[in-house]
Amino acid sequence: MPMYKVRPFHRAAGDVLAEHRPACMYRVPSLHRRLSPDASPTPQEEADPVLRALESRQEEILKRLYELKSAVDGLSKMIQTPDADFDVTNIIQTDECPPLTTSGADLDSMLGKDYGALKDIVINANPSLPPLSLLVLHSLLCERYKILSAVHTHSSVKSVPENLLKCFGEQTKKQPRHEYQLGFTLIWKDVPKPQMKFSVQTMCPIEGEGNIARFLFSLFGHKYSAVTSTLIDSWVDTAIFQLKEGSSKEKGAVLRSMNAALGKAAWLVGSELTVADVVAWCALQQTRGAGAAPANVQKWMKSCENLAPFSSIMKLLK
């Protein structure tokens with residue numbers, strides 16, 4: 001019995017069988033067949049169904065992105081155009097808020113209820129760049145609440161100017177701690193940005209002058225509409241990131257925007273002082289940009305300086 005068999009090369013009559021031998025190592029589809037527009041692709045040249053589905057999905061996504069971009073551009077033009085159908089000024093004027101000295105929030109709901117313990121707000125700030133807006137807000141809060149104020153110096157700071165050590169004024173009246181409604185402690189410390197805590201054991205610090213200013217102003221208990229709150233937040237961010245830390249070109253653009261807004265109202269947002277005014281005024285003072293401010297901004301700055309909390313901060317800038 002043979003181990004293996006091979007195909008015979010000869011027929012019974014002795015003729016040699018023809019054997020097909022390849023003339024090349026491998027074959028590829030002919031490109032010349034597709035030159036004619038009527039030529040139909042071979043099965044090997046047809047696109048992969050998975051690839052076709054991926055291309056269709058990509059086209060659908062690009063179409064949706066284009067529609068979203070068109071919608072956002074339309075909204076942007078509607079808000080930035082003075083004669084837009086959506087007039088924000090009319091909505092802002094409907095927010096009637098009482099003066100800061102007569103309004104207040106429920107401190108227990110905002111700071112937590114500690115039986116027998118004074119609620120103490122602790123702020124760490126760098127004396128090389130004092131957060132003026134927080135000092136203004138401290139003075140405004142003192143007009144509303146009975147506050148126990150204190151200033152300390154951390155060991156990470158070698159020296160602090162005398163005027164910063166006395167930024168809360170002379171604490172002449174000493175009363176029992178439990179008679180105060182709120183504690184306000186400022187620690188001059190070597191930190192990159194201001195930090196605030198009111199519950200040292202159970203919370204992460206709130207960082208950034210703008211964020212802390214928003215929180216302190218919320219202690220007055222004002223309730224704004226969504227539109228007004230958004231505009232206030234926008235002005236606070238603009239004051240911190242562009243007016244205070246931006247380039248000269250950005251500062252000029254912000255001053256023009258402020259001048260336009262203050263041409264319609266006495267304050268940046270609405271008819272009452274908000275945290276936006278406090279932060280923007282302090283940013284102008286720290287950047288020494290008050291001298292180049294337009295007419296409406298100059299008038300607004302004088303209105304701020306006529307208030308005692310602002311005028312007391314002017315002494316720290318001398």
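Side chains are part of it too, since the values below use all heavy atoms of this structure and drop only hydrogens, waters and symmetry mates.
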Please table the atom pairs, donor to acceptor, closer than 3.5 Å between any side-chain atom in residues 124-135 and protein atoms at least two apart or in another chain.
{"unit_1": "Asn126", "atom_1": "OD1", "unit_2": "Ser128", "atom_2": "N", "d": "3.1"}
{"unit_1": "Asn126", "atom_1": "OD1", "unit_2": "Ser128", "atom_2": "OG", "d": "2.9"}
{"unit_1": "Asn126", "atom_1": "ND2", "unit_2": "Asp190", "atom_2": "OD1", "d": "3.4"}
{"unit_1": "Asn126", "atom_1": "ND2", "unit_2": "Val191", "atom_2": "O", "d": "3.1"}
{"unit_1": "Ser133", "atom_1": "OG", "unit_2": "Glu209", "atom_2": "OE2", "d": "2.6"}

Report yes if the side chains of [X] and [Y] come closer than 4.5 Å at any heavy-atom pair, otherwise no.
{"X": "Pro205", "Y": "Met196", "answer": "no"}
{"X": "Lys197", "Y": "Ile123", "answer": "no"}
{"X": "Ser247", "Y": "Lys251", "answer": "no"}
{"X": "Leu219", "Y": "Leu182", "answer": "yes"}
{"X": "Ile240", "Y": "Glu245", "answer": "yes"}
{"X": "Ser311", "Y": "Glu305", "answer": "no"}
{"X": "Thr153", "Y": "Ile187", "answer": "no"}

Given Val275, Asp277, Asn211, Val278, the one that forms side-chain contact (heavy atoms from CB on, under 4.5 Å) with Val236: Val275
- prompt: For Phe310, which residues count as a ring-ring contact (aromatic ring centres under 6.0 Å, His included) partner, sequence neighbours excluded?
  reply: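 Testing Phe310 for ring-ring contact (aromatic ring centres under 6.0 Å, His included), a comparison that skips the adjacent residues, returns Trp281.
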Would you say [X]'s side chain and [Y]'s backbone share a donor-acceptor pair under 3.5 angstrom?
{"X": "Ser312", "Y": "Pro309", "result": "yes"}
{"X": "Gln181", "Y": "Lys146", "result": "yes"}
{"X": "Ser56", "Y": "Arg52", "result": "no"}
{"X": "Trp188", "Y": "Leu164", "result": "yes"}
{"X": "Asn259", "Y": "Leu255", "result": "no"}

Check side chain to side chain donor-acceptor pair (under 3.5 Å) between [X] and all other residues, then give those that pass, not counting sequence neighbours.
{"X": "Thr185", "result": "Asp120"}
{"X": "Lys63", "result": "none"}
{"X": "Ser156", "result": "His154"}

Does the plane of the ring in [X] sit parallel, tilted or perpendicular to the ring in [Y]? Use 30° and 60° as the thresholds.
{"X": "His222", "Y": "Tyr224", "value": "perpendicular"}
{"X": "Phe198", "Y": "Phe215", "value": "parallel"}
{"X": "Phe168", "Y": "Phe184", "value": "perpendicular"}

- request: Please assess Gln286 against Lys244 for the test side chain to side chain donor-acceptor pair (under 3.5 Å), listing each intermediate value before the final yes or no.
  value: CA-CA 7 Å; Gln286 286 185 308; Lys244 187 176 179 180; 3.0 Å; yes
field: Partners meeting side chain to side chain contact (heavy atoms under 4.5 Å, CB included) with Asp237 (sequence neighbours left out)
entry: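 Side chain to side chain contact (heavy atoms under 4.5 Å, CB included) list for Asp237, sorted by chain: Arg214, Phe241.
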